[in-house]
2 protein chains.
Amino acid sequence: MSTIKDVAALAKVSPSTVSRVLANSPRISDETKQRVRQALEQLDYQPNVFARGLVTNTASSIGILIPPQMTEFFANPFFAEMMSGVSEVARSEGFDTVLSTSAVDEEDAVDRMIRGRRVDGLILLGSRIRDAVLPKVAQHQFPSVLLGRPAEDIPISYVNNDNVQAAYEATKHLLDLGHEKIGFLGGSFDLVVTRDRLEGYRHALLEVGIEPNTRMEISTYFLEQGGYQGMMHLLALPTRPTAVLASDDVLAFGAMRAAGELGYHLPDDLAIVGFNDIRLAELANPPLTSVRVHMHELGVGATRLLVEQIRASKMLKRSKIVDFELVIRESCGFHRNHQTSSR
Amino acid sequence: MSTIKDVAALAKVSPSTVSRVLANSPRISDETKQRVRQALEQLDYQPNVFARGLVTNTASSIGILIPPQMTEFFANPFFAEMMSGVSEVARSEGFDTVLSTSAVDEEDAVDRMIRGRRVDGLILLGSRIRDAVLPKVAQHQFPSVLLGRPAEDIPISYVNNDNVQAAYEATKHLLDLGHEKIGFLGGSFDLVVTRDRLEGYRHALLEVGIEPNTRMEISTYFLEQGGYQGMMHLLALPTRPTAVLASDDVLAFGAMRAAGELGYHLPDDLAIVGFNDIRLAELANPPLTSVRVHMHELGVGATRLLVEQIRASKMLKRSKIVDFELVIRESCGFHRNHQTSSR
DNA sequence: GTGAAAGCGCTAACAT
DNA sequence: ATGTTAGCGCTTTCAC
């Protein structure tokens, strides 16, 4: 393993000169650069990231903070697509991507990442009410981007969908189809995304004079199994919903399975709308109407915002709202046209 | 940001004593430990990973090398589940997980990771014929585990399924159902996994006296769209297959979509078997028969093997074959029983 | 335009 | 049981 000294010796210059060539300093003569580069090549030199990091205080890597509860992170195609966007931008900007899964103590994980200087910036997933991580990064003024939006007024950059409006439009679609008993199937009510979608859902109902019924609003865990259980719950109600807005396609799939097992037929007996429009939504039986949120673009946008902050070496408060579209398929009636409503 | 010196000053000891307390050295008196720990706490000390890494030459992190072609990495639930296994073990063993996506030059990425000391070990994905990365890690004697098996005889640890046997059994199942024209839908023929599954498929055919027909063996890209195109190809053949073995559930989904669009009805007109048994296989229409490969366990096994090598600080040649099961569902006939055949 | 020297924060001999 | 010292490999003043 050759060091900068070895290169220097071979090129008959000092280590500092090699370092300058590495940084492509304009103050080094072309001739010397040539010679050093050749030595670099010959010794197949690779800089030691620790030595470099120790002096520059940068890690050339960004962290993805996966909340402890989010075991579903890896299971959900939503996150996978988002990650592909993150990874794409990170790589092209010269950053590695570090996954931080903090089983137990999330705050501790943040500390390790930030203060241990392991990463230069953080992408935060899934904000919740009274989130402890957000104030922490804000306090440290650590470059960070939230995927979602902060619940409280915390100065942090974020990339989000307009979830209130999206849920509003999706619910409106169900109302337009004549449904009056519409259920809501979401993740934890502590999650901002759940709250926002619930708000949009309620708003649509109220607008046409339907009083939201909390019995119809189910909070469950973000997995197929959660959707299954939630749907069983909804269908057991004295007056069951004829339509359901699921806050995630995977929940919708679970709901469809529950409905199927009990002999309900979609879309005749029951309409279902999902969220995220993962690739398999189209392949479900029947194909699932879903709100497309452009997951890849969310990841790209978040990472761009993050890199910008890292370059400026400070926390910025910026935000970006990514478009959505309601993709209408057979799961809530045979409107064959791929009608979209965007903003 | 407090350093070890600050802690030392506060606790009125030397930096080395603090370092020893951090490492929980038995040679430090309980009294001193107490005092140092209090100082640690008070200053909210976090070790600088670079300084530590520079001297210990360890990164406390493992890398996942995602091959350039594998854009499908993130899109495929297979990898997501595998990652959850990796991440689980890594975290519990005190390692961070670094994702390395090398758009262009994979060998270069390996160099950066290995020689830049960015990670202590590597998990390699998707080996292919004449893979350039494998010899490289072997030459460096760098702790690594391949997910799959090496094509050539390269001394490297790996975790794999018995893909030959799995494809054999899956094909046998189709033969037993009376099919004689069976197509194969796989990824690149350069991939060892494709070759192995193709071998098992051919073996099953030959065993009952059917000569494999290369026209029936399609190589496509590992996405739903690839499965769709491949299936279109197969169905356009003069004598179309009545059954298809897909080397991935996502391919199978694409194949199902193609069949559906052309008006074929599963399982009457066409039987399909997939690979991996991702969660959504059960939810497809009809539910997809698939070879369950225990993706999570593959990730766990690979990471355990890797950590072992890192601890031994050398490359080991060990391997582990993870069981598979053929999970029979409606996509190839109504054998309702969840019959499994394992080895 | 290039070299010498200091120092980033930590660990690990080597002392005592 | 604890302190002193050197040094990991690099960047960056400060000289010249």
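A, B, ... follow the sequence lines: proteins, then strands. Residue 1 opens every chain. Just so we're clear, the structure is a prediction, and the values are computed from it rather than from any experiment.
On the nucleic acid side, DNA chain D has its first and last nucleotide under 4.0 Å of a heavy atom of chain A at D/dG9 to D/dC14, going 5' to 3'.
By the neighbour-count criterion of 12 heavy atoms within 6.0 Å, atom CD of B/Gln139 is densely surrounded, having more than that number from other residues, nucleotides or ligands. Counting non-hydrogen atoms of neighbouring residues, nucleotides and ligands closer than 6.0 angstrom, the CD atom of B/Glu152 exceeds 12 such neighbours. For A/Gln38, the CD atom is loosely surrounded, since the number of other residues' heavy atoms within 6.0 Å does not exceed 12. For A/Asn24, the CG atom counts as densely surrounded, since its 6.0 Å shell holds more than 12 non-hydrogen atoms of other residues, nucleotides or ligands.
The stretch residues 27-37 of chain A touches DNA chain C through A/Arg27, A/Ile28, A/Ser29, A/Thr32, each having a heavy atom under 4.0 angstrom from the strand.
For the pair A/Val13 and A/Val18, the minimum side-chain heavy-atom distance is below 4.5 Å. Proximity of B/Asn160 to B/Ser319: side-chain heavy atoms (C-beta onward) are nowhere separated by under 4.5 Å.
Remark on the helix from C/dG1-D/dC16 to C/dT16-D/dA1: inter-end axis angle 40°, axes from five-pair C1' superpositions, rounded to 10°.
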Nucleotide N/O to protein N/O under 3.5 Å, stretch nucleotides 8-11 of chain C:
unit_1	atom_1	unit_2	atom_2	d
C/dG9	N2	B/Ala51	O	3.3
C/dC10	OP1	B/Tyr45	OH	2.3
C/dC10	OP1	B/Asn48	N	3.4
C/dC10	OP2	B/Ile4	N	2.4
C/dT11	OP1	B/Arg52	NE	2.8
C/dT11	OP1	B/Arg52	NH2	3.1
C/dT11	OP2	B/Ser19	OG	2.8

Could you pull out all donor-acceptor pairs under 3.5 Å where a side-chain atom in residues 311-318 of chain A meets a protein atom, sequence neighbours excluded?
unit_1	atom_1	unit_2	atom_2	d
A/Arg311	NH1	A/Glu93	OE1	3.0
A/Arg311	NH2	A/Glu93	O	3.3
A/Arg318	NH1	A/Glu308	OE2	2.6
A/Arg318	NH2	A/Glu308	OE2	3.1

Let me have the donor-acceptor pairs involving side chains of residues 45-57 of chain B, under 3.5 Å, with sequence neighbours excluded, atom names and distances please.
unit_1	atom_1	unit_2	atom_2	d
B/Asn48	OD1	B/Phe50	N	2.7
B/Asn48	OD1	B/Ala51	N	3.1
B/Thr56	OG1	B/Arg52	O	2.8
B/Thr56	OG1	B/Thr58	N	3.4
B/Thr56	OG1	B/Thr58	OG1	2.9
B/Asn57	OD1	B/Arg117	NE	2.9

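Using a 3.5 Å distance cut-off with no hydrogens or angles, the side chains of A/Ser14 and A/Thr17 do pair a donor with an acceptor.
Nearest heavy atoms, B/Phe95 versus B/Asp120: CE2-OD2, 3.6 Å. Closest non-hydrogen pair, A/Leu134 versus A/Pro150, comes out as CD2-CB, 3.8 Å.
Taking 4.0 angstrom as the limit, A/Thr17 places a side-chain polar atom (N or O) nearer than this to OP1 or OP2 of C/dG3.
A/Val145 pairs in a side chain to side chain contact (heavy atoms under 4.5 Å, CB included) with only one of the listed residues (A/Thr303, A/Ile62, A/Leu305), which is A/Leu305.
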